[in-house]
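Here the structure is laid out as structure tokens; the discussion comes afterwards.
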Amino acid sequence: MTKFADLFPGIKPVIAMVHLNPMPGTPLYDADAGVEGIYQGALKDLDALQAAGVDAVMFGNENDRPYELKVDIATTTAMAFVIGRLVERIEKPFGVNVLWDPDSTVALAAATGAAFVREIFTGTYASDMGPWTPNAGRAMRRARQLDRKDLVILNNVSAEFAASLDSRPLADRARSAVFSSIPDAVLVSGAITGESAKMVDLESVKKALPDTPVLANTGVKHATVADVLKVADGCVVGSSLKVDGHTWNAVDPQRAKEFMAIVRKARG
């Protein structure tokens, strides 16, 4: 079996986001609440998601806006501190994502014991953050150096907040990335956080990669998740599970439970 199938045997997993509050040193950081406030917000969201029955959780710094392509060490260390305090409460497989920095993401996974990572590992983009050229070879070598050859790599091949400078169709880029950079799964995204990936993109990538897990990465909603899971091998969900469906709000326990009820019905 593949590492992805070993981690999620026999299911199309729902990976739910714990969007951490802004990290120290970032423009939106709440100095009055401090790191303790970040921890308390994450704990509340984690408990709500696990009670709803999600298959995995992923910790990310989505609110560290404006985003950077190489994060400050304070971000990674603060995330490690918060996740480390949460580990004893985590009942599901968990992953990490330090936007938009593959090296820091892998390092955070090694420090916290995360089972998987999500990032943009391949491609060349024009983005809100400037020219974007991730290095999958370096990041995956870092994982090996940190003795994490077991780490499940989720490669987002359609970067948010960016346009690919590669003229090949998305399906061709995805197929090439699987061959050249050996991720364990491929993710397909919409244009920005919370915006749905196009079904035609999901379908084309899955057709090109029948033997590789392909997940919807953004904008999966209560009304669409059943259709998404007919095509995709799982999904990442954040905004739809929040109060009023708004990305920066806390997780709404009832919305999360309703979402997972739809998923269970779709799985049959």
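Every heavy atom of this structure was used, including side-chain atoms; hydrogens, water molecules and symmetry mates were not.
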**Message:** Between the side chains of K242 and D244, is the shortest nitrogen-to-carboxylate-oxygen separation below 4.0 Å, so that they form an ion pair?
**Reply:** no
**Fill in**
Scanning both residues in full, the closest heavy-atom pair of A174 with V186 reads CB-CG1, 4.4 Å
**Request:** Verify the cluster assignment for V98 and V35: are they in a single hydrophobic cluster under the rule of side-chain heavy atoms below 4.5 Å apart?
**Result:** yes
**Asked** Where do L99 and E68 land on the side chain to side chain contact (heavy atoms under 4.5 Å, CB included) test, with the steps shown first?
**Response** CA-CA 7 Å; L99 301 174; E68 296 183 295; over 6 Å; no
**Item:** K12 atom NZ, neighbour heavy-atom count above 12 within 6.0 Å
**Value:** yes
**Request:** Please name the pair of heavy atoms, one in G34 and one in Y29, separated by the smallest distance, quoted to 0.1 Å.
**Result:** CA-OH, 3.2 Å
**Item:** T212 and F4, any side-chain heavy atoms less than 4.5 Å apart
**Value:** no
**Message:** For the NZ atom on K92, are there more than 12 heavy atoms of other groups (residues, nucleotides or ligands in this structure) within a distance under 6.0 Å?
**Reply:** yes
**Asked** Is T218 reaching over with its side chain to a backbone N or O of G190, donor-acceptor style, under 3.5 angstrom?
**Response** yes
**Asked** Is it true that D172 and R175 make a salt bridge, defined as a side-chain N closer than 4.0 Å to a carboxylate O?
**Response** yes
**Message:** Checking S158 against D201: is there a side-chain donor and acceptor pair closer than 3.5 Å?
**Reply:** no
**Message:** Could you check whether R118 pairs with E62 (Lys NZ or Arg NE/NH1/NH2 to Asp/Glu carboxylate O, under 4.0 Å)?
**Reply:** yes
**Message:** Treating R148 as the side-chain partner and A114 as the backbone partner, does any N or O pair qualify as donor plus acceptor under 3.5 Å?
**Reply:** yes
**Message:** Please determine whether the number of non-hydrogen atoms from other residues, nucleotides or ligands lying under 6.0 Å from atom CZ of R267 exceeds 12.
**Reply:** yes
**Request:** Taking the side chain as every heavy atom from C-beta outward, state whether I90 and F59 have any atom pair closer than 4.5 Å.
**Result:** yes
**Item:** ILVMFWY network linking L241 to V236, side-chain heavy atoms under 4.5 angstrom
**Value:** no
**Asked** Honestly curious: do V225 and V251 fall in one hydrophobic cluster under the side-chain, below-4.5 Å linking rule?
**Response** yes
**Message:** Quick check on R168: does its CZ atom have over 12 non-hydrogen neighbours (other residues, nucleotides or ligands) under 6.0 Å away?
**Reply:** yes
**Message:** Pair V188, V214 - check side chain to side chain contact (heavy atoms under 4.5 Å, CB included), show working.
**Reply:** CA-CA 7 Å; V188 179; V214 175; 4.1 Å; yes
**Message:** If you compare all heavy atoms of S164 against all heavy atoms of Y125, which two are closest, and at what distance to 0.1 Å?
**Reply:** CA-CD2, 3.6 Å
**Item:** Verdict with supporting geometry, I83 and L108, side chain to side chain contact (heavy atoms under 4.5 Å, CB included)
**Value:** CA-CA 9 Å; I83 296 167; L108 180 61; 4.2 Å; yes
**Asked** Is the shortest heavy-atom distance from the side chain of R255 to the side chain of H222 under 4.5 Å?
**Response** yes
**Side-chain heavy-atom pair F94, T112 within 4.5 angstrom cut-off** = yes
**Message:** Checking the side chain of D101 only, and the main-chain atoms of V71 only, is there a donor and an acceptor separated by less than 3.5 Å?
**Reply:** yes
**Asked** Heavy-atom distance under 4.5 Å between the side chains of F259 and V220, does that happen here?
**Response** yes
**Prompt:** In Å, rounded to the nearest 0.5 Å, how long is the span from CD of E36 to CD of Q40?
**Reply:** 4.5 Å
**Message:** Let me confirm one number: the CG-CG distance from N217 to N156, rounded to the nearest 0.5 Å.
**Reply:** 4.5 Å
**Request:** Look at the side chain of H19 and the backbone N and O of D45, then say whether any donor-acceptor pair between them is shorter than 3.5 Å.
**Result:** no
**Request:** Treating Ile, Leu, Val, Met, Phe, Trp and Tyr as nodes and any side-chain heavy-atom pair under 4.5 angstrom as an edge, say whether W248 and M17 lie in one connected cluster.
**Result:** no
**Message:** Please report the interatomic distance CG(L215) to NZ(K206), rounded to the nearest 0.5 Å.
**Reply:** 9.0 Å
**Request:** Evaluate the side-chain proximity of L28 to N63: yes if any heavy-atom separation is below 4.5 Å, no if none is.
**Result:** yes
**Under 3.5 Å: donor-acceptor pair, side chain of R85, backbone of Y39** = no
**Nearest atoms (heavy-atom pairs only) where L229 meets G234** = CD2-CA, 3.9 Å
**Asked** Heavy atoms, side chains only, cut-off 4.5 Å: are I38 and P24 in contact?
**Response** yes
**Message:** Please check: side-chain N/O of Q50 versus main-chain N/O of E91, any donor-acceptor pairing under 3.5 Å?
**Reply:** yes
**Message:** So which atom in A78 and which in M23 form the shortest heavy-atom distance, rounded to 0.1 Å?
**Reply:** CB-SD, 3.7 Å
**Prompt:** How long is the gap from OG1 on T26 to CG on N61, to the nearest 0.5 Å?
**Reply:** 8.5 Å
**Asked** Between V157 and R173, is a side chain to side chain contact (heavy atoms under 4.5 Å, CB included) present by the stated rule, with each step listed?
**Response** CA-CA 8 Å; V157 294; R173 288 189 278 121; 5.5 Å; no
**Request:** Examine distances only and state if a side-chain atom of T124 and a backbone atom of T133 form a donor-acceptor pair shorter than 3.5 Å.
**Result:** no
**Asked** So, do V54 and M260 sit near enough that their side-chain heavy atoms are less than 4.5 Å apart?
**Response** yes
**Message:** For I182, I'd like to know if atom CD1 has over 12 heavy atoms of other residues, nucleotides or ligands within 6.0 Å.
**Reply:** no
**Prompt:** Is K70 atom NZ crowded by more than 12 heavy atoms from other residues, nucleotides or ligands, each under 6.0 Å away?
**Reply:** yes
**Message:** Parallel, tilted or perpendicular: which one describes the rings of W100 and Y67, with boundaries at 30° and 60°?
**Reply:** perpendicular
**Heavy-atom donor-acceptor pair, K3 side chain to K149 backbone, under 3.5 Å** = yes
**Fill in**
To the nearest 0.5 Å, atom OG1 of T77 lies from atom CG of D72 at 8.0 Å
**Request:** Please answer whether the main-chain N or O of I15 pairs with a side-chain N or O of D55 as donor and acceptor at a distance below 3.5 Å.
**Result:** no
**Message:** Under a 3.5 Å distance rule, please check whether N249 uses its side chain to pair with a backbone N or O of V243 as donor and acceptor.
**Reply:** yes
**Complete:** F121 and I153 have their tightest heavy-atom pair at CE1-CG2, 3.6 Å
**Item:** Common cluster, V57/F116, ILVMFWY with side-chain heavy-atom separation under 4.5 Å
**Value:** no
**Prompt:** What distance separates L202 CG from K230 NZ, expressed to the nearest 0.5 Å?
**Reply:** 14.0 Å
